[in-house]
2 protein chains.
Amino acid sequence: MESVLAQAAALLDEAGPQALTFRALAERLGGGAASIYWYVANKDELLDRTTDHVIGTVLADVEKLPDTDDPIDDLRAMALTLFDAIVARPWLAAYFMRNTDVQGNALRLYEKLGQQTLRLDLTARQRFHAVSAIVGVVVGTAIDLGRVLPEELLDSAADRDEYLGRFAQTWRELDPAEFPFVHEIVDEFDGHDDVDQFRAALDLTLTGLRRQAGS
Amino acid sequence: MESVLAQAAALLDEAGPQALTFRALAERLGGGAASIYWYVANKDELLDRTTDHVIGTVLADVEKLPDTDDPIDDLRAMALTLFDAIVARPWLAAYFMRNTDVQGNALRLYEKLGQQTLRLDLTARQRFHAVSAIVGVVVGTAIDLGRVLPEELLDSAADRDEYLGRFAQTWRELDPAEFPFVHEIVDEFDGHDDVDQFRAALDLTLTGLRRQAGS
DNA sequence: ACCTGAACACCGTTCAAGT
DNA sequence: ACCTGAACACCGTTCAAGT
């Protein structure tokens, strides 16, 4: 079981989601495709369990973070840890928290985030919404980023810059009268850093949360 | 072409993404599967163009919204319009803005959102990050919601409540000492409203943005 | 308890050929 | 310019059978 999930994760890391097939996975494990069905009921469960398997390492990293006296700073550090893991393995975004029945580590991570909100002066509803918002920012930004770059993610940073540059060029050719905003931000888009973009989105949410908690 | 996209959208609406196959679509159109390749190069392009086709109606709705004297209120109204469309058609979240080369209406919607930030006292980089954050909240929350409910979305609200209730029950059975946060919010989760959750997440981001703009 | 080979139904995509 | 039938390679999944 352990090695099924480890090899599935390795396949996803090396070649992306469309490379994870029962046949390819079976070949890595040195067996037949049908034997994998002894461990999982279907492909959805394989993806959920593989995702939760690597979320386990993220959870361990999050649990290593020290509690400071500012719960919002702690939430920021946790969210950044999760985001970093998703940047390293973009396929995570699509399956993370898809099914908390199967994804026990994802549920524990959700709990850890939520525990920080227990330290804030909020209603239960505000706490529920706050954690949903933070997870939403992480997943939403990660999916947004993953979709601009098709498979170049696996290649060098130079390839990424060149791809962004070509993309920016098509934006520069748009009519400035019709697309004033796109022209305003195209230089920011060109060569931008994913983590900067995420950190900015997260900080807007956390600023709102800090204000709500009245601190 | 027009009817290819309309029928593809109808299939997605009625039976979800896994029901959209070239063979099923061809049958609706009364022809062979291969003929669809005259209109699109492959399935990704079919999904992108179909998505952009319905985003066109969202764009029309957004353009009908009046500008008030508060750009942040206008951003809220636009984001809610987009979110409502995604709630009605959950499959949109997965493909929206995946490729702005093909998705011209999505690019125009991005531009419309961005134009509101031009009315705020922000740097170009802050504007870029603000719109990314808002799109991230919309897409992230929508994906988050879509993944809790597998296919019950197509059924009645009563089915949804019952599903949430069963889910909440498994949460209530967790150890309260180990999962204090989950217990704190389980009653909020049970029977919660998607739009409330989204509105709360959006408001956190917009509060942060308002503060950044110093107004 | 764990694995296999072979089959089934179903995909996206291609291509030579038609009008 | 637009469509077709038939094929190809490849899926997830099942199942009877093996150890």
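Just so it is clear: chains get the letters A, B, ... in the order the sequence lines come, proteins before strands, and each one is counted from 1. Only this structure's heavy atoms are used, side chains among them; waters, hydrogens and symmetry mates stay out.
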(message) I want to check one thing: is the phosphate of C:dT4, taken as OP1 and OP2, less than 4.0 Å away from some side-chain N or O of A:Ser35?
(response) yes
(message) Using the side-chain heavy atoms of A:Phe22, tell me which of these nucleotides is nearest: C:dC2, D:dT13, C:dC3.
(response) D:dT13
(request) Please state how far atom OH in B:Tyr37 lies from atom P in D:dG5, giving the value in whole angstrom units. (result) 16 Å
(message) Strictly below 4.0 Å: does A:Tyr39 bring a side-chain N or O up to OP1 or OP2 of C:dC3?
(response) yes
(request) Check B:Asp74 against B:Pro66 and note the closest heavy-atom contact, atom names and distance. (result) OD1-O, 3.9 Å
(request) Select one nucleotide: of D:dT13, C:dG12, C:dG5, the one nearest the side-chain heavy atoms of A:Ala34. (result) C:dG5
(request) Take the protein atom CD of A:Glu27 and the nucleotide atom P of D:dC10, then report the distance between them rounded to whole Å. (result) 12 Å
(request) Any chance you could measure A:Asn99, atom CG, to A:Asp48, atom CG, to the nearest 0.5 Å? (result) 5.5 Å
(message) Ring-plane angle category for A:Trp171 and B:Tyr110, please: parallel below 30°, perpendicular beyond 60°, tilted otherwise.
(response) tilted
(message) Please check if the number of heavy atoms outside B:Arg199 that lie under 6.0 Å from its CZ is greater than 12.
(response) no
(request) Please answer whether the main-chain N or O of A:Leu47 pairs with a side-chain N or O of A:Thr51 as donor and acceptor at a distance below 3.5 Å. (result) yes
(request) Would you kindly compare A:Thr21 and A:Ala41 by the position of their nearest DNA chain D nucleotide and give the one closer to the 5′ end? (result) A:Thr21
(request) Runs of at least three consecutive Watson-Crick or G-U pairs, both distances under 3.5 Å, are what I'm after; which ones involve DNA chain C? (result) C:4-8 with D:12-16, C:12-16 with D:4-8
(request) Please tell me which of the listed nucleotides, D:dG12, C:dC3, D:dC3, lies nearest to the side chain of A:Arg23? (result) D:dG12
(request) Answer with base, sugar-phosphate or nothing: what part of the nucleic acid does A:Leu20 contact at a heavy-atom distance below 4.0 Å? (result) sugar-phosphate
(request) Please name the pair of heavy atoms, one in B:Phe181 and one in A:Gln115, separated by the smallest distance, quoted to 0.1 Å. (result) CB-N, 3.9 Å
